[in-house]
Amino acid sequence: MEIATKYEPQLIENKWYEFWMEHKLFASKPNGKPSFTVVIPPPNVTGILHMGHMLNNTIQDILVRRARMMGFNACWVPGTDHASIATEAKVVGMLREKGIDKRQLSREEFLKYAWEWKEKHGGIILQQLKKLGASCDWDRTKFTMDPELSEAVIDVFVDLYNKGKIYRGVRMVNWDPKALTAVSDEEVVYKELQSKLYYVRYQIEGTDNEYVTIATTRPETILGDTAICMHPDDERFKHLRGKRAIVPIVNRSIPLIFDEYVDREFGTGALKITPAHDINDYNLGLKYKLDTINIFNDNGTLNENAQFLVGVDRFKAREEIIPMLEKAGSLVKIEDYVNKVGFSERTNEVIEPKLSVQWFCDMRALAKPALDAVMNDDIKFYPEKFKNTYSYWMENVKDWCISRQLWWGHRIPAYYLPNKEFVVAKTKEEAFEIAKKKYPELNLKMEDLQQDEDVLDTWFSSWLWPMSVFDGLRHPDNEEIKYYYPTSVLITAPDIIFFWVARMIMAGLEWRKEVPFKHVYFTGTVRDKLRRKMSKSLGNSPDPIMLMEKFGADGVRMGMLLSSPAGNDLLFDESLCEQGRNFSNKIWNAFRLIKGWQVDDQIAQPLHSQVAVKWFQHRFNEVLATINADFDKFRISDALMGVYKLVWDDFCACFLEIVKPAYQQPIDGKTYSEIIDIFENLMLILHPFMPFITEELWHNLRERGENESIMIAQMPQPKAENGADNLLARFELTRKVVEDVRRVRAEKNIAQKNAIELLVIKQDDAETDAEMDSVIQKLCNISSIQYIKEKVSGTCSFIEQNTEYLIPIAQNINVEEELKKLNADLEYAEKFLQSVLKKLANERFVSNAPEQVVAVERKKQSDAEEKIKMLKEQIANLQ
RNA sequence: GGGAGUUUAGCUCAGCUGGUUUAGAGCGCCUCCUUGACAGGGAGGAGGUCAGCGGUCCGAAUCCGCUAACGCCCACCA
């Protein structure tokens with residue numbers, strides 16, 4: 001059989017993915033087995049795959065594949081999120097390119113375009129996930145705006161409203177003047193900006209040249225000022241009590257008020273108050289019953305209320321008002337100033353605090369049980385530190401602004417009546433019935449009901465995701481939700497802990513009285529080598545599809561994992577994928593080697609192969625136990641590294657080198673079949689990490705049925721076997737001896753192909769180990785191992801576990817070099833002995849430390865003394 | 001301003017309740033090897049006073065304080 005010398009992932013990845021799909025190996029239905037459920041964090045429906053998704057979904061796939069092989073009924077539910085703001089922005093942009101203005105369209109027309117766009121571009125990301133090997137049950141693919149899921153959203157809204165947890169209110173909200181919608185507090189990101197602090201003086205009413213000077217970063221809002229505020233204890237302003245000031249330019253008379261809110265140290269100690277455009281000013285406005293003058297249009301331009309600069313954008317107005325202030329003699333000075341400005345996460349537009357009527361959800365009662373669930377570990381966070389972040393937010397949770405002034409999303413089921421009242425109901429018909437009963441005097445007709453124009457925040461549907469994908473809200477007793485919920489683990493990024501994780505927990509407890517998942521694994525942020533976040537605008541994010549074409553999906557999966565402990569940022573570098581690809585190739589070639597051997601059943605199994613097989617089985621169990629422990633702690637990178645080293649170092653570099661038959665010689669049948677078993681086990685434990693290559697090789701190892709797949713094969717479990725520790729320890733010593741021999745070979749330039757002799761100094765009563773000797777002989781190309789009683793000349797030597805090994809060499813010994821080496825060893829040993837003696841000489845150590853620890857030190861001492869003695873003898877012999 | 005972190009080899013990180021660790025891994029680096037699985041390889045090797053200072057202890061990378069540097073999260077400072 002001809003096998004390519006290099007592993008070519010392109011040739012097999014599609015083949016196996018199709019095979020898995022065809023045989024419905026990802027599909028899950030409730031059955032008698034225990035369930036292992038994961039719901040995908042739904043990516044934006046119009047999004048494309050980025051490195052964060054790669055990391056996140058690789059981890060999910062590993063856990064799901066492993067669970068499946070461990071006998072669980074594994075179900076990974078895929079889907080997408082409608083992402084109202086992001087998607088609507090994309091659609092608006094697309095329409096603009098076509099020369100269509102959203103404002104010219106009716107709601108229905110716009111939504112038609114939006115759905116068309118969604119059908120065309122939606123779900124690309126799910127196709128991309130298939131390249132990665134994601135074993136999602138695709139038949140279950142959900143979209144947050146699917147009819148059933150939408151119905152659940154509306155049900156939940158109505159339910160919360162009826163419970164009094166949803167209310168409508170005038171509030172200062174974060175307004176995005178670009179998206180023309182309110183956004184929640186969590187969707188605002190604050191950035192430091194280099195800006196200016198403007199000092200402006202306001203004339204005191206009724207005086208000629210008495211002024212009060214304020215400092216502001218937003219002089220354009222002066223046009224909406226309705227007061228000036230100072231600290232009540234500030235001596236500088238005592239004389240101004242009860243007076244009024246004149247707003248420059250607009251010449252409005254406003255009161256001077258005194259409140260402890262003002263920081264006397266800042267600026268001049270006097271603060272201008274614009275209740276319509278600043279949250280703090282708004283609160284002061286409420287307290288002192290100030291006028292509220294809204295000077296901005298929704299798009300951030302000034303309106304008629306401003307009287308001046310009408311129609312000018314807020315930032316342009318900020319520039320243009322300066323000469324006006326100067327002309328009025330009001331501008332005192334301008335200073336450079338660094339402050340923090342809120343930006344919309346979605347559009348990167350500067351947020352404008354805006355007073356408006358919005359829908360809110362009261363979070364306090366919902367938060368309490370959700371906080372407890374995490375604090376008492378009903379839900380475990382990995383890493384644990386996120387418990388703190390979570391508890392702080394939950395304890396200080398604020399009401400959630402859930403309305404968005406958009407069209408793409410779930411429309412709020414509130415219906416307004418001619419009398420300005422409204423009713424909330426699932427459908428217009430139901431609302432009509434309720435309204436008729438409530439207001440019989442209105443003689444309502446169906447057309448009189450006007451549905452609220454707003455849609456709900458995207459997260460108001462995502463927080464139901466673990467329930468709604470199983471239709472658990474509309475039909476709480478259906479088989480699916482009872483079987484799959486709560487889900488097993490959620491894999492997500494820490495930046496959506498409040499947006500999503502916290503709210504899912506609240507929703508789960510509110511509507512199912514049960515947590516939505518038992519474990520939450522927070523991945524790190526994927527950054528580039530310079531620690532910069534990967535982003536489209538920086539252009540520092542590699543295209544995952546290209547990466548997979550270059551290194552293979554298995555290689556990229558491994559690359560993603562190699563350096564990503566939970567919660568730590570991952571500094572992504574292509575070279576990690578290269579390492580993954582190299583590993584694929586290493587495995588491929590190990591397979592190639594084995595498949596290239598001729599098998600001869602007539603040959604007896606050599607001792608060294610017998611030992612190697614036994615050793616490897618023990619070693620496999622040992623490593624597998626640590627891998628399982630790593631998985632229990634969600635230390636997935638460590639688990640992968642464990643498999644990596646087992647395959648590369650133990651299997652390829654050590655095991656195969658022992659059992660390898662001589663060139664062009666056949667291998668005995670027993671060893672061969674044992675190697676196949678071992679290789680198969682390695683493929684099994686590696687499969688969750690590298691699904692494609694393992695499936696390919698698993699099929700090539702032996703005859704398989706048409707429907708067989710490694711995906712549904714059974715994962716090996718570590719077996720405790722007698723004598724394992726002893727064998728492993730003996731083998732460790734053997735490996736050290738092998739290394740020593742190789743070092744001597746390297747130092748003396750003796751090629752591996754030239755056989756050498758090994759002499760071992762042993763006392764009469766000392767035991768020998770023929771099994772391990774056979775391994776040493778094989779690995780080091782040693783013609784014979786002889787036991788002797790005394791040192792002979794013309795040899796190089798080394799010491800392991802107080803046994804001296806000698807290698808006769810043909811060439812003359814370089815005494816000087818040899819002495820130098822021995823003296824270095826001696827020095828090291830003596831220093832070591834000294835440190836041990838120092839410890840033992842300390843009476844308090846001997847009396848206070850546990851006996852065991854002291855015994856260990858004593859053993860160290862005698863070993864070191866023995867070694868020093870031998871080294872000294874060697875040195876004496878040379879001189 | 002508050003909170004929670006991080007700081008260990010050139011790079012990325014392990015090191016769990018202090019004692020077989022005069023500190024480990026992967027990658028990188030250096031030297032040599034390489035017509036017999038794999039140069040995407042093999043063998044060997046060099047790299048660290050565990051950020052700094054102080055304390056507790058018989059014993060500290062590990063526990064406690066302070067200092068410094070760097071992320072992160074939260075917060076209404078004009």
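Chain identifiers are assigned alphabetically (A, B, ...) following the order of the sequence lines, protein sequences preceding nucleic acid strands; residue numbering begins at 1 within each chain.
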Interatomic distance at P, B:G40 relative to B:G45, whole Å: 24 Å

B:U7 versus B:U12 - spacing of their P atoms, nearest Å: 12 Å

Set of side chain to side chain donor-acceptor pair (under 3.5 Å) partners for A:Lys287, sequence neighbours left out: A:Asp259

B:G42: syn or anti, per glycosidic angle within 90° of 0: anti

Charged N-O contact under 4.0 Å between A:Arg314 and A:Glu220: no

Rounded interatomic separation in angstrom, taking CG from A:Leu779 and P from B:G44: 11 Å

Residues 847-856 of chain A side chain polar contacts: donor-acceptor under 3.5 Å, at least two apart:
residue: A:Ser847; atom: OG; partner: A:Glu843; partner atom: O; Å: 2.8
residue: A:Ser847; atom: OG; partner: A:Arg844; partner atom: O; Å: 3.3
residue: A:Asn848; atom: ND2; partner: A:Arg844; partner atom: O; Å: 3.1

Whole-Å C1' distance, B:C63 and B:C50: 15 Å

Salt bridge A:Arg743-A:Asp740, side-chain N to carboxylate O under 4.0 Å: yes

Pairing residues for A:Asn628 by the side-chain contact (heavy atoms from CB on, under 4.5 Å) criterion, not counting sequence neighbours: A:Arg66, A:Leu624, A:Gln717, A:Pro718

Note: A:Lys859-A:Asp863 ion pair, threshold 4.0 Å (strictly below): yes

Touch class at under 4.0 angstrom, heavy-atom based, for A:Glu657 against every strand present: base

Listed partners of A:Asp638 passing side-chain contact (heavy atoms from CB on, under 4.5 Å), at least two apart: A:Asp630, A:Arg635

Could you list, one pair per line, each protein nitrogen or oxygen that sits under 3.5 Å from a nitrogen or oxygen of nucleotides 27-29 of chain B, together with the distance?
residue: B:C27; atom: OP1; partner: A:Tyr644; partner atom: OH; Å: 3.2

Closest listed nucleotide, where the reference is the side chain of A:Cys652 and the choices are B:G36, B:A37, B:G40: B:A37

Side-chain donor or acceptor of A:Asp225 paired with backbone N/O of A:Lys272 under 3.5 Å: no

Test side-chain contact (heavy atoms from CB on, under 4.5 Å) applied to A:Ser330 - qualifying residues, sequence neighbours left out: A:Val200, A:Pro248, A:Leu325, A:Ala328

Qualifying salt bridge (Lys or Arg N to Asp or Glu O under 4.0 Å) pairs with a residue from residues 642-661 of chain A, counting only residues at least two apart or across chains: A:Arg619-A:Asp650, A:Asp650-A:Arg735, A:Glu657-A:Lys660

Do any side-chain atoms of residues 572-583 of chain A form donor-acceptor pairs under 3.5 angstrom with protein atoms, and if so which ones, sequence neighbours left out?
residue: A:Asp573; atom: OD1; partner: A:Ser575; partner atom: N; Å: 3.1
residue: A:Asp573; atom: OD2; partner: A:Ser575; partner atom: OG; Å: 3.4
residue: A:Glu574; atom: OE1; partner: A:Lys550; partner atom: NZ; Å: 3.0

Contact pattern, 5' to 3', of nucleotides 71-78 of chain B - B, S or - by protein heavy atom under 4.0 Å: --SSBBBB

Rounded interatomic separation in angstrom, taking CZ from A:Arg858 and C1' from B:U20: 16 Å

Ring centroid separation A:Tyr190 to A:Phe343 under 6.0 Å: no

5' precedence on RNA chain B between A:Leu571 and A:Asn749 (nearest-nucleotide basis): A:Leu571

Pick out the pairs of N or O atoms, protein on one side and nucleotides 22-25 of chain B on the other, that lie under 3.5 Å.
residue: B:U22; atom: O4; partner: A:Tyr828; partner atom: O; Å: 3.3
residue: B:U22; atom: O4; partner: A:Tyr828; partner atom: OH; Å: 3.4
residue: B:A25; atom: O2'; partner: A:Lys645; partner atom: NZ; Å: 3.1

Near-ring test A:Phe655/A:Phe651, centroid separation under 6.0 angstrom: yes

Scan nucleotides 57-59 of chain B against the protein and return all N/O pairs shorter than 3.5 Å with their distances rounded to 0.1 Å.
residue: B:C58; atom: O2'; partner: A:Asn842; partner atom: ND2; Å: 2.6

Set of salt bridge (charged side-chain N to carboxylate O under 4.0 Å, His left out) partners for A:Lys867, sequence neighbours left out: none

Sugar-phosphate only, base, or nothing, as touched by A:Arg742 at under 4.0 Å among non-hydrogen atoms: sugar-phosphate

